[in-house]
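Here's the structure, in structure tokens; my notes come after.
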There are 2 protein chains.
Amino acid sequence: MRLTNAKSVKQGIRAVAARAGVSTASVSRALNNPDAVSPSLRARIEQAIDALGYIPHAPARILSSRRSRTLGAIVPTIDNTMFARGIASLQQYLSSVGYMLFLTTSGYDLDVELQQARNLISRGVDGLVLRGDCHHEGLRKLLADNAVPFINVGIYQPDRPHPCVGTNNEAAAHRAAAHVIELGHRRIGIVSALQRNNDRASARVAGFRRALTENGLELPPQWHVEVPYTLDDAREAARYLLSLKDRPTAVVCGNDVIAYGVLLEAERDGFSVPRDLSVVGFDDLDWSRHLRPSLTTIHVPTGETWQRAGEYLVRSLAGEQTIMHREIDFSLVVRESTAPPLKS
Amino acid sequence: MRLTNAKSVKQGIRAVAARAGVSTASVSRALNNPDAVSPSLRARIEQAIDALGYIPHAPARILSSRRSRTLGAIVPTIDNTMFARGIASLQQYLSSVGYMLFLTTSGYDLDVELQQARNLISRGVDGLVLRGDCHHEGLRKLLADNAVPFINVGIYQPDRPHPCVGTNNEAAAHRAAAHVIELGHRRIGIVSALQRNNDRASARVAGFRRALTENGLELPPQWHVEVPYTLDDAREAARYLLSLKDRPTAVVCGNDVIAYGVLLEAERDGFSVPRDLSVVGFDDLDWSRHLRPSLTTIHVPTGETWQRAGEYLVRSLAGEQTIMHREIDFSLVVRESTAPPLKS
DNA sequence: ACGCAACTTGAAAACGGTTACAATCTAAAC
DNA sequence: GTTTAGATTGTAACCGTTTTCAAGTTGCGT
């Protein structure tokens, strides 16, 4: 039933135009570029708009203008404080400049990420925010074919041809490991996040290892454990490390949640932190200051990082020239969980 | 420059149709209702589709079909584990049934919520997921005027005319308070979340108070403190409560984060939990099991709640009849943070 | 062979906006 | 008093789909 009563247009921009006695073009202009229409007309139009409770139909607008003022973001999971914070900042920024955000999750699965990207492009997003630079083969092609601007967040890779914004995870991890080495530790274990499809986790491990190597320290295979992002898994890893007869005196962790697990388990197994074991985290979540002992960790300004990602895309879309590779500073926050090793 | 070269259509469904030697109608059918086109045609079309890397243009589809297979959700903040979990579940469910989610945040501001709703409706969402039943006057009107289905999540109000799904916060809070009363406590304090524009927080306070009243217990004004959703604020509240010369022997908290703050601060001030102070939380976040002492709290199946909200809307949109008011069970999880009061 | 129902397919009109272009109307410059 | 540049407004084509309707096929009972 597509009959349209020519006499009375019930809704849409045409109804507004009819009521205000102007053309649809003028209504459109009054909405998108108010300065282009005379004050008197504008007044009539605005009056008609809220008399009718008119709400512009975004899809039609997108179809016609070929711009959606919408960005898409694909994160591995929203159920991770770091991503939640980042997304919150990004969204807040975008909303402040009149953009919207389409958020999807990939669950660390590259195929899913590709699928979601297709989905978002189909949806007409103007640009894409991606986590890291570890993507499906087809994703780059997809982005190139459809000329969709994008940026990789959470990593810093000045040598790569793709835009990115984030901290240098390798350097930050190096700093974390250097800290315990400076304290005098020579027996250092690593509990990292899963490295598969996670370049951030990998970079951190690389940084840890480089620090060890540079200082002539060995890393026995059993001193490096990978665990999922949960307290339970981290605790299990800690239990394993602490049960070794030849055990490390310090543990550097791929993120704060892992560090919390190590802290909790160490205490539960009768080890005193930092006396018997030094622990370093990475991310500086809220809990790190509050725990007892409080956690020495790497502080990363997540909110700023994601906001800058949004800025980059919005500016690019506005035709402005912007920096492709932006490094976000980290800092080592020394708290109670690290100390020199016991003299033996 | 809107000239269209009639000879060669570069993109879109027409390009696919041309390449497959069929009409656009058939391509559309092959995409939306494959059974309606013969296998041979379908094969030709599918071949053309991935030869061209064709991606349907959702806005055009929405414009034409008047359905977006997209839902909108407005939460106060994404930076709260409960909401993050809920949204994750909702999104996962929606994605499994071919829907997408538009997520926005209101920051507990009803005006912003209204604005976001307008935004989402403009975007063409088929339905809206809202947090609670505490909304702006104009929001109901907006939803009614535009015939947008919606559901209130996180509360249970069988008497209201609006659909909702969630736990009965009042009853759950009552259960929490009853627990410490059963243990023998007579001096019970409340540290709640901010009640303003937050019916969930209010319902919990109401439940706490009813339990006290029913058992003939007084609640001196200074024993009820409201705090924002942060560890720091909760700690400050705890410090205050514990500094009173006439202080409670048990504290029931509006959520787990508040309870963590109370736990941490009590310990820091030299009080032993649960010996000197019993603490009850609400939500059962991850940390509750891991803390020492572990936290007695109310378990709420957040994921299920939000998924059911999605189910309700999707089913409604499919024309199915569904329950308007669904109650989600809670349970009291007794752990180490509660015990009978010291005999005095 | 024929009629008829059931199934496939295509042509073309929406869907609700934007915007190129033309038309009209100013007011300043000559 | 003309021109004319500039500002304002309207007309109508177009954005990329879906969907109605009609037309063309096919299979089957008679």
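So that the names make sense, note that chain A is the first sequence line, chain B the second, and so on, each numbered from 1.
In this structure, P59(B) reaches neither bases nor backbone, as no heavy-atom distance under 4.0 Å exists between it and the strands shown.
When each of A60(B) and N32(A) is assigned the nucleotide of DNA chain C bearing its nearest heavy atom, the one mapping closer to the 5' terminus is A60(B).
For the pair I62(B) CD1 and dG17(C) P, the interatomic distance rounds to 14 Å; values are reported in whole Å. In this entry the distance linking CG of N33(B) with C1' of dT18(D) reads 12 Å, nearest Å. Note: CZ (R66(B)) to P (dA13(C)) measures 17 Å, nearest angstrom. We find that CG of L31(B) is positioned 12 Å from C1' of dG16(D), with the value rounded to whole Å. The distance between atom CZ of R69(A) and atom P of dG17(C), rounded to the nearest whole Å, is 17 Å. What separates NE2 of H57(B) from P of dC14(D) is a distance of 18 Å, to the nearest Å. R67(A) has its CZ atom 19 Å from the P atom of dC15(D), to the nearest Å. The separation between L63(B) atom CG and dT17(D) atom P is 11 Å, rounded to whole Å.
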Extract from the structure each pairing of a protein N or O with an N or O of nucleotides 7-11 of chain C at less than 3.5 Å, listing the distance.
unit_1: dT9(C); atom_1: OP1; unit_2: S38(B); atom_2: OG; d: 2.8
unit_1: dT9(C); atom_1: OP2; unit_2: S38(B); atom_2: N; d: 2.8
unit_1: dT9(C); atom_1: OP2; unit_2: S38(B); atom_2: OG; d: 3.2
unit_1: dG10(C); atom_1: OP2; unit_2: S23(B); atom_2: N; d: 3.1
unit_1: dG10(C); atom_1: OP2; unit_2: S23(B); atom_2: OG; d: 3.3
unit_1: dG10(C); atom_1: OP2; unit_2: S26(B); atom_2: OG; d: 2.7
unit_1: dG10(C); atom_1: N7; unit_2: R29(B); atom_2: NH2; d: 2.7
unit_1: dG10(C); atom_1: O6; unit_2: R29(B); atom_2: NH1; d: 3.3

Produce the list of close N/O pairs, under 3.5 Å, pairing protein atoms with atoms of nucleotides 5-7 of chain D; give distances to one decimal.
none

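For residues 53-62 of chain B, the set of pairs meeting the side-chain hydrogen bond (donor to acceptor under 3.5 Å, both in side chains) definition, not counting sequence neighbours, comprises N32(B)-R61(B).
Between the side chains of H135(A) and N152(A), at least one donor N or O lies within less than 3.5 Å of an accepting N or O. Between the side chains of D111(A) and H136(A), at least one donor N or O sits under 3.5 Å from an acceptor N or O.
Picking from dG17(C), dG16(D), dT19(C) the nucleotide with the shortest atom distance to the side chain of S65(A) gives dT19(C). Side-chain atoms of I13(B) lie closest to dT18(D) of the nucleotides dT18(D), dC15(D), dG17(C).
Residues Y93(B) and V314(B) have side chains in contact (heavy-atom distance under 4.5 Å, counting atoms from C-beta outward). Between V27(A) and V22(A), some side-chain heavy-atom pair lies under the 4.5 Å cut-off. Contact check for I328(A) versus W306(A): no side-chain heavy atoms found under the 4.5 Å cut-off. For the pair V129(A) and L101(A), the minimum side-chain heavy-atom distance is 4.5 Å or more.
For S68(B), the side chain to side chain donor-acceptor pair (under 3.5 Å) test picks out D126(B), with sequence neighbours left out.
Between I121(B) and I55(A), the shortest heavy-atom distance links the atoms CG2-CD1, 4.2 Å.
In this structure, R61(A) does not reach the dC15(D) phosphate: none of its side-chain N or O atoms is under 4.0 Å from OP1 or OP2. A close approach under 4.0 Å does not occur between any side-chain nitrogen or oxygen of S64(B) and OP1 or OP2 of dT17(D).
Annotation: E320(A), atom CD; neighbour count of heavy atoms from other residues, nucleotides and ligands within 6.0 Å is above 12.
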Donor-acceptor contacts under 3.5 Å from residues 42-52 of chain A side chains, at least two apart:
unit_1: R42(A); atom_1: NH1; unit_2: P34(A); atom_2: O; d: 2.6
unit_1: R44(A); atom_1: NE; unit_2: A20(A); atom_2: O; d: 3.0
unit_1: R44(A); atom_1: NH2; unit_2: A20(A); atom_2: O; d: 3.1

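For the atom pair T302(A) OG1 and L90(A) CG, the distance stands at 12.5 Å (nearest 0.5 Å).
The C1' atoms of five pairs define one axis at each end of the helix from dA1(C)-dT30(D) to dC30(C)-dG1(D), and these two axes lie 50° apart (to 10°).
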